[in-house]
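To start, the structure under review is shown below, and the notes come after it.
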Amino acid sequence: MPELPEVETTVRGLRPVLEGRRLTRVEPRRADLRHAIPADLRQRLTGAVVTQLGRRAKYGLIDTDRGDTLIFHLGMSGRWRIDPAEIGKHDHLLLETEAGHRLALNDPRRFGSLDLLQTERLEDFPAFKALGPEPLGPELTIAYLAQKLDGRTAPIKLLLLDQRVIAGLGNIYVCEALNLARINPRKPGGGLSSIALQRLIEAIPKVLTAAIDAGGSTLRDYARPDGELGYFSSQFRVYGREGEKCPYDGGTIRRQVDGGRSTFWCPKCQR
DNA sequence: CCGACAACCTGACGGC
DNA sequence: TGCCGTCAGGTTGTCG
């Protein structure tokens, strides 16, 4: 379930086994995921020491002492497995460290991606150029959001899914944030009151941070990155909860389809 | 510029 | 047991 919190959780889980470690084996097991895997990936990474792990939006970043950054995206179904018992058919990249750990990037649907860039040229990465601000960073302000939504007639839900507006939100956490902020998902983005905007700007980091914290505890329990929906779903306010009660006012949660994707919301408080 | 829609790919699940 | 339809966390391109 890789939205921002899951990628962040993944990065945190990978740090202990990768940071400061030398990669002794790098094995791509197919030529492409969503797009081609760089042909020189094995050659450039083998023998390199991982210096640092990071995240931008839903992308994980793995820096090496050779000045390269491996950029991974988990798509819809991607996750890293640490020390798997055996290699599965959807393990598309294998890494082995000098310390003896084995990592596998597993992605059945292959909507994910792998890219390798020089670290100092990271801003040139096409997918990064149009990204909006990080929702957990200082750039996401009411002023920014108000300006970005001004005049937009598209439903606020779709605008929040647009990575150019805010980078890192996906279907689950947009539903969650809109419920917490008590905003109707179909409300035109430009039509939000400043009060609603205020609630939204508070709800977004709140929802994401709670999910990361839950992921963190999950990680401690499972000791490895894992994108299974089940781990976080017990804390969802509305997502996947059609027919259940809204935690704010007990309204009955409904599901509707917008732009081909499910929206879960409470008609009572999200007006 | 905008919105609607299809496409990419596999697996899980429910109904019959 | 199996077959079929539906659905799933994301992104990108095309068309009107």
Side-chain angles (χ1 to χ4, degrees), chain A residues 1-11 29-37 55-60 71-81 88-92 104-115 125-132 135 147-178 185-191 204 207-208 210-212 214-215 218 225-243 255-264:
Chain A
M1 45 183 305
E3 297 181 34
L4 184 153
E6 291 70 41
V7 179
E8 179 63 29
T9 296
T10 295
V11 164
R29 309 194 72 235
R30 55 176 301 128
D32 56 70
L33 293 176
R34 181 174 183 70
H35 56 250
I37 295 172
R55 178 191 59 73
R56 173 75 174 108
K58 299 174 191 172
Y59 292 85
I71 306 172
F72 66 84
H73 193 290
L74 298 174
M76 293 274 266
S77 58
R79 63 184 182 127
W80 282 93
R81 304 202 297 147
K89 71 168 171 174
H90 299 303
D91 290 332
H92 306 307
L105 177 65
N106 184 279
D107 184 2
R109 292 177 74 178
R110 305 204 301 273
F111 285 0
S113 61
L114 284 169
D115 292 278
F125 186 50
F128 285 1
K129 293 208 165 183
L131 284 182
Q147 169 257 317
K148 205 70 181 172
L149 298 180
D150 185 40
R152 301 294 298 270
T153 57
I156 183 62
K157 191 213 173 189
L158 293 184
L159 293 172
L160 292 178
L161 283 173
D162 186 341
Q163 303 298 295
R164 295 168 297 188
V165 177
I166 300 178
L169 298 179
N171 201 37
I172 291 179
Y173 296 107
V174 164
C175 290
E176 295 293 292
L178 286 173
R186 285 184 173 165
K187 186 125 184 158
I204 289 170
V207 159
L208 296 177
I212 292 171
T218 294
D226 205 314
E228 304 292 333
L229 180 59
Y231 299 160
F232 299 129
S233 59
S234 62
Q235 298 183 29
F236 292 159
R237 300 171 60 87
V238 290
Y239 190 84
R241 297 198 182 282
E242 182 179 17
R255 170 181 178 269
Q256 69 194 11
V257 176
D258 299 300
R261 312 193 68 188
S262 287
T263 303
F264 295 90

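Between A:Arg255 and A:Gln163, the residue anchored closer to the 5' end of DNA chain C is A:Arg255, taking for each the nucleotide with the nearest heavy atom. Nearest-nucleotide positions on DNA chain B place A:Leu159 closer to the 5' end than the other of A:Leu159 and A:Lys89.
The nucleotide whose nearest atom lies closest to any side-chain atom of A:His90 is, among B:dA4, B:dC2, B:dT10, B:dT10.
At the heavy-atom level, A:Arg152 lies under 4.0 Å from the strands shown only through sugar-phosphate atoms. Among the protein residues, A:Ser113 comes within range of no part of the nucleic acid, since none of its heavy atoms lies under 4.0 Å from any strand.
Figure legend. B:dC9 is base-paired to no nucleotide; pairs are counted as Watson-Crick or G-U wobble with both atom distances under 3.5 Å.
Here A:Phe128 and A:Tyr59 bring their ring centres to under 6.0 angstrom of each other.
Judged by distance alone, the side chain of A:Gln163 and the main-chain N or O of A:Gly168 form a donor-acceptor pair under 3.5 Å. Judged purely by atom type and a 3.5 angstrom limit, A:Glu8 has no side-chain atom pairing as donor or acceptor with the backbone of A:Ile212. Counting only distance, with no hydrogens or angles, the side chain of A:Glu176 and the backbone of A:Val238 share a donor-acceptor pair below 3.5 Å.
Of the side-chain N and O atoms in A:Thr153, one or more sit less than 4.0 angstrom from OP1 or OP2 of B:dG3. For C:dG10, neither phosphate oxygen OP1 nor OP2 lies less than 4.0 angstrom from any side-chain nitrogen or oxygen of A:His73.
The interatomic distance linking A:Leu161 (CG) with B:dG3 (C1') rounds to 14 Å, in whole Å. Taking atom CD of A:Glu242 as the reference point, atom P of C:dC7 lies 11 Å away to the nearest angstrom. In this structure, the CG atom of A:Asp150 is 15 Å from the P atom of B:dC1, given to the nearest Å. Protein atom CZ of A:Arg109 is 13 Å distant from nucleotide atom P of C:dT11, rounded to whole Å. At whole-Å resolution of the value, NE2 in A:His35 and P in C:dT12 are 9 Å apart. If you measure from atom CD1 of A:Ile71 to atom C1' of C:dT11, you get 15 Å, rounded to the nearest angstrom. Atom CG of A:Asp258 is separated from atom P of B:dC5 by 12 Å (rounded to the nearest Å). Distance CG (A:Asp107) to P (B:dC9): 12 Å, rounded to an integer number of Å.
The residues A:Arg81 and A:Asp91 are annotated as salt-bridged, a charged nitrogen and a carboxylate oxygen being separated by less than 4.0 angstrom.
Both thresholds, 5.5 Å between centres and 30° between ring planes, are met by A:Phe111 relative to the base of B:dC8, so the two rings are stacked.
A donor-acceptor contact under 3.5 Å is not formed by the side chain of A:Arg261 with the base of C:dA8. Taking 3.5 Å as the limit, the base of B:dC9 and the side chain of A:Arg110 contain no donor-acceptor pair of atoms between them.
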